[in-house]
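What follows is a set of notes on a single structure, which appears directly below.
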Protein chains: 2
Amino acid sequence: MPRLGMEPIRKAALIKAAIEEIGASSTLDVTVSQIARRAGVSSALAHHYFGSKEEILLAAMRDVLTQYGLEIRAALLGLEDPAQRLRVILQTSFGPQNFRREVISAWLTFWVMARAVPKARRLLTIYERRLQSNLLFCLRPLTGARATELADATGALIDGVYLRTALSGDLPDGEAAVALIESMIFAR
Amino acid sequence: MPRLGMEPIRKAALIKAAIEEIGASSTLDVTVSQIARRAGVSSALAHHYFGSKEEILLAAMRDVLTQYGLEIRAALLGLEDPAQRLRVILQTSFGPQNFRREVISAWLTFWVMARAVPKARRLLTIYERRLQSNLLFCLRPLTGARATELADATGALIDGVYLRTALSGDLPDGEAAVALIESMIFAR
DNA sequence: ATCTTTATTGACTCGTCAATCAACAAAAAA
DNA sequence: TTTTTTGTTGATTGACGAGTCAATAAAGAT
C-alpha cells in the first residue's frame, strides 16, 4: 500500500497522537507503542521517522509551542493599547486552542523533560523569554518601574494555573483563569 | 550486625535518601536501588520496610508535608495581625527548610505522582486546602470580597514559583520569591 | 524489465528495574 | 539451649519497553 510522500503525514499523525496520548494517560510515561498505535502505525515506523522517543516528544513540544506562537502573533497584530495586548496574551494562553486537557498535560511532560533534556530546556527557555518580553512590553506603560517584577510574577502565575489545572481532575476553565490573573495584576 | 529497633532508623534514612536522590537526579525516575544505596542499605531492605517504591515516595511526600505543616503552625502561633500572618506563611513556604533544591524537586515528583496515584492526590489536596484556608484567613481582612479569588491566585503563584525554580538551574532565592509574591498581592 | 528508493512491520535484542526469595546472622524469648 | 523474632542481602524472576533488523511490497527511475 505504500504511497509516496507519507513522511510528513505520518509525522504529523504521530505528533498529534503523542499529545493525545499524554493527555489520555494518567502517568507521564507514555510508550512509543501507545503513541504509534494511536496514530495507526507500528512502533517501528515511529522510530523510523523520528529516531527516538525523545525526538517524538520534542517534536510534539515544538508543535505546541509553534501553534501557540502563531496564534498569539496573529492576535496581537496591530493592537497598540497595552491593556488590550495584555488581555489578548492571557486570552490566547488560556484560549480553547491551548488551554485543553491534552495540551496542559503535555506542558507537564515538557517541564519534567526540560530538567533532563537540554534540547527541551532550550525550547522552554525560548518560549519563556518571548512571553516575558511580551508581558513586559504591555506592563511597562501600565505599571512603570514594577513592570519587570510583575512580568516575572505573571509568568509564574500562568505556569501555576496550568500546573494546578493539570492536577485537578475537572475540565479547564480558561475564562476563570484569565479573570483570576487579571484581578491579581490589576489589584484593588 | 543486626541491632534491634532498626526499623524507624532505616525508614527515616530511606526517606531522607529518597528526597536527596530526587534532588540530585535530573530525571524524576529515581530507582529504589539508587535510594537504597544512598541510604546505605540494599534495595531488598527498602522493599522489606516499605513494601513498594510507591510507598517510599509517599512516605517522602508525607515527610515534606508534615515538616512544612509543623513549621508553619509554629511560626503562626499567636500571631493575630493578618498582614503579618501572610508574610509568615510566605516566608515559611520559601524559607530555607522548604525552599531547597531537593524539596523543590520532590514537589515536582509529587505533582506528577498525584496525577496517577490516588493516595498522593489526596495528600496534595489536603495540603492545598490547608494553604488555601490559611491564605483566606489572612486575606479576608485585607482585601474583603476579593479574598477568595486572591487566595486561589496566590496558591497558584506559589506553585508557579516552585515550578520555575525546579526548572531553572540556579539556586533558589527565597527572599526574592517572597518579595515577588507580596508585590503582586499588594499591587498599587 | 531491472534497479533503487520509500513505506512498513513482526520479530527480536538488550537493558533496566520492581519485586521476591532463600539464606544467613544475631538478639531475645522460651 | 533451642526457638523465635528481627535485620539484612545477593541472586533471581518477570515484565516491560526502547531501539534494531531483516524482510516485504509497491512506486518511480533507468
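Keep in mind that this is a model prediction, so the values were computed, not measured. Each chain gets a letter, A, B and so on, in the order its sequence line appears, and its residues count up from 1.
Atoms NZ (A/Lys11) and P (C/dA7) sit 11 Å apart, rounded to a whole Å. Separating the CD1 atom of A/Ile56 from the P atom of D/dG17 is a distance of 14 Å, rounded to the nearest angstrom. One can place CG of B/Leu57 at 13 Å from C1' of C/dA18, the figure rounded to the nearest angstrom. Taking atom CD of A/Glu7 as the reference point, atom P of C/dT8 lies 10 Å away to the nearest angstrom. Summarising the geometry, the separation between CG on B/Leu45 and C1' on C/dA22 is reported as 16 Å, rounded to the nearest angstrom. Whole-Å rounding puts the B/Leu4 CG to C/dA27 C1' distance at 5 Å. Taking atom CD of A/Glu55 as the reference point, atom C1' of D/dG19 lies 14 Å away to the nearest angstrom. Between A/Arg3 atom CZ and D/dA26 atom C1' the separation is 12 Å, expressed in whole Å.
Checking C/dA7, C/dT9, D/dT8 against the side-chain heavy atoms of B/Tyr49 singles out D/dT8 as nearest. Out of C/dT8, D/dT20, D/dA18, the shortest distance to the side chain of A/His48 is found at C/dT8. Distance from the side chain of A/Thr31 is smallest for D/dG17 among the nucleotides D/dG7, D/dG17, C/dT8. Here D/dT8 is the nucleotide among D/dT8, D/dT20, C/dA7 with the atom lying nearest to any side-chain atom of B/Met6. When distances run from any side-chain atom of B/Lys53 to the nucleotides D/dT20, C/dA19, C/dT8, the shortest one goes to C/dA19. Comparing C/dT20, D/dT20, C/dT6 by their closest approach to the side chain of A/His47 singles out D/dT20. Side-chain proximity of A/Ala44 to the nucleotides D/dA27, D/dT9, C/dT9 is greatest for C/dT9.
A/Arg10 has a side-chain polar atom (N or O) that falls below the 4.0 Å cut-off from OP1 or OP2 of C/dT8.
Between A/Gln34 and B/Gly40, the residue anchored closer to the 5' end of DNA chain D is B/Gly40, taking for each the nucleotide with the nearest heavy atom.
Between the side chains of A/Ser105 and B/Arg115, a donor-acceptor pair is found at a separation under 3.5 Å. A donor atom on one side chain and an acceptor atom on the other are not found under 3.5 Å apart for B/Asn98 and B/Gln67.
A donor-acceptor pair under 3.5 Å links the side-chain atoms of A/Thr31 to the main chain of A/Gln34, judged by distance alone.
Residue contacts for B/Ser52: at a heavy-atom cut-off of 4.0 Å it reaches the sugar-phosphate backbone alone, with no base atom in range. Nucleic acid contact for A/Phe50: none, since no nucleic acid atom lies under 4.0 Å from a heavy atom of the residue. As judged by a 4.0 angstrom heavy-atom cut-off over every strand, A/Ser42 is placed among the base-contacting residues.
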Evaluate side-chain hydrogen bond (donor to acceptor under 3.5 Å, both in side chains) for A/Tyr68 paired with A/Ser93, printing each intermediate quantity in order. CA-CA 8 Å; A/Tyr68 172 79; A/Ser93 302; 2.8 Å; yes

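Of the charged side-chain nitrogens involved, at least one lies within less than 4.0 Å of a carboxylate oxygen, so that B/Glu55 and B/Lys119 count as a salt-bridged pair.
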